[in-house]
Undergrad: 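Structure incoming, see below.
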Amino acid sequence: MTISRRSTLAALAALPLAAQAIPPNKETSPMYGLIGKMRAQPGQRDALIAILLEGTTAMPGCISYGIAKDKQDADAIWITETWVDQASHQASLALPAVRAAIARGRPLIAGSGERFETEPVGGHGTMAGRSA
């Protein structure tokens with residue numbers, strides 16, 4: 001396969017534009033992630049999910065907050081969070097809507113399961129929240 005000089009020059013000219021579209025990796029504050037399992041009181045999973053979805057809509061620094069039903073356990077849910085940094089996650093715990101959701105949801109929680117802290121490095125949707 002032969003690549004023309006014109007194609008090569010066009011590709012090289014586009015590199016600076018492509019570099020601007022990719023947010024920089026902030027070595028001083030890596031993204032922060034959490035993956036955790038929570039068990040609702042028997043029969044209360046959907047009510048707990050509704051409370052969590054309501055109280056987690058506007059959290060500065062939150063790139064994604066996903067809630068999923070466990071397919072093996074009718075009372076369990078998994079929460080997957082991606083944050084611009086750990087400080088943003090900590091700050092979210094003081095937000096009035098989050099505090100209210102915790103207070104309303106606490107009686108519906110039977111317990112917690114596994115909990116994993118992660119450092120997201122990229123992937124579909126994870127870099128969208130990073131700012132330059």
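Computed over heavy atoms, backbone and side chain alike; hydrogens, waters and symmetry mates excluded.
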Undergrad: To the nearest 0.5 Å, what is the distance between CG on Leu108 and CD1 on Ile51?
TA: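 The distance works out to 4.5 Å.
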Undergrad: Which distance, rounded to the nearest 0.5 Å, do you find between the CG of Leu53 and the CD1 of Ile67?
TA: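 One finds 4.0 Å between CG of Leu53 and CD1 of Ile67.
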Undergrad: Looking only at heavy atoms, what is the nearest atom pair of Met59 and Val98, with distance?
TA: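 Met59 and Val98 have their closest heavy atoms at SD-CG2, 3.7 Å.
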Undergrad: Can you name the nearest heavy-atom pair linking Pro60 to Ser88, along with the distance?
TA: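 For Pro60 and Ser88, the tightest heavy-atom pair comes out as O-CB, 3.9 Å.
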Undergrad: For Thr82 and Pro120, work out which heavy atoms get closest and say how close.
TA: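 Where Thr82 meets Pro120 most closely, the heavy atoms are CG2-CG, 3.8 Å.
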Undergrad: Can you name the closest pair of heavy atoms from Ile63 and Met31 and give their distance?
TA: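 Distance-wise, the nearest heavy atoms are CD1-SD, 3.6 Å.
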Undergrad: Is there any ring pair (Phe, Tyr, Trp, His ring centres under 6.0 Å) pair reaching into residues 53-81, and which pairs are they, with sequence neighbours excluded?
TA: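 For residues 53-81, and leaving out neighbouring residues, there are no ring pair (Phe, Tyr, Trp, His ring centres under 6.0 Å) pairs at all.
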Undergrad: Taking the side chain as C-beta and beyond, is there a heavy-atom pair between Arg115 and Glu117 under 4.5 Å?
TA: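 Sidechains of Glu117 and Arg115: in contact.
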Undergrad: Do Val121 and Ile35 land in one hydrophobic cluster if side-chain heavy atoms of ILVMFWY residues count as linked below 4.5 Å?
TA: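 In one cluster: no.
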Undergrad: How many angstroms lie between atom CZ of Arg104 and atom CG of Leu48, to the nearest 0.5 angstrom?
TA: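 Output value for this atom pair is 10.5 Å.
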Undergrad: Can I get a per-line list of side-chain donor-acceptor pairs under 3.5 Å for residues 37-46, giving both atom names and the distance, sequence neighbours left out?
TA:
from  : atom 1 : to     : atom 2 : distance (Å)
Arg39 : NE     : Asp73  : OD2    : 2.8
Arg39 : NH2    : Asp73  : OD1    : 3.1
Arg39 : NH2    : Asp73  : OD2    : 3.1
Gln41 : NE2    : Ile109 : O      : 3.4
Arg45 : NE     : Ala74  : O      : 3.2
Arg45 : NH1    : Asp70  : O      : 3.1
Arg45 : NH1    : Asp73  : O      : 3.0
Arg45 : NH1    : Ala76  : O      : 3.0
Asp46 : OD1    : Lys69  : NZ     : 3.2

Undergrad: Taking ring-ring contact (aromatic ring centres under 6.0 Å, His included) as the definition, give me every residue that meets it alongside Tyr32, ordered by chain and number, with sequence neighbours left out.
TA: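 Per chain and number, Tyr32 pairs via ring-ring contact (aromatic ring centres under 6.0 Å, His included) with His89.
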Undergrad: Give, for atom CG of Leu52 and atom CD1 of Ile79, the distance between the pair rounded to the nearest 0.5 Å.
TA: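 Going from the CG atom of Leu52 to the CD1 atom of Ile79 covers 5.0 Å.
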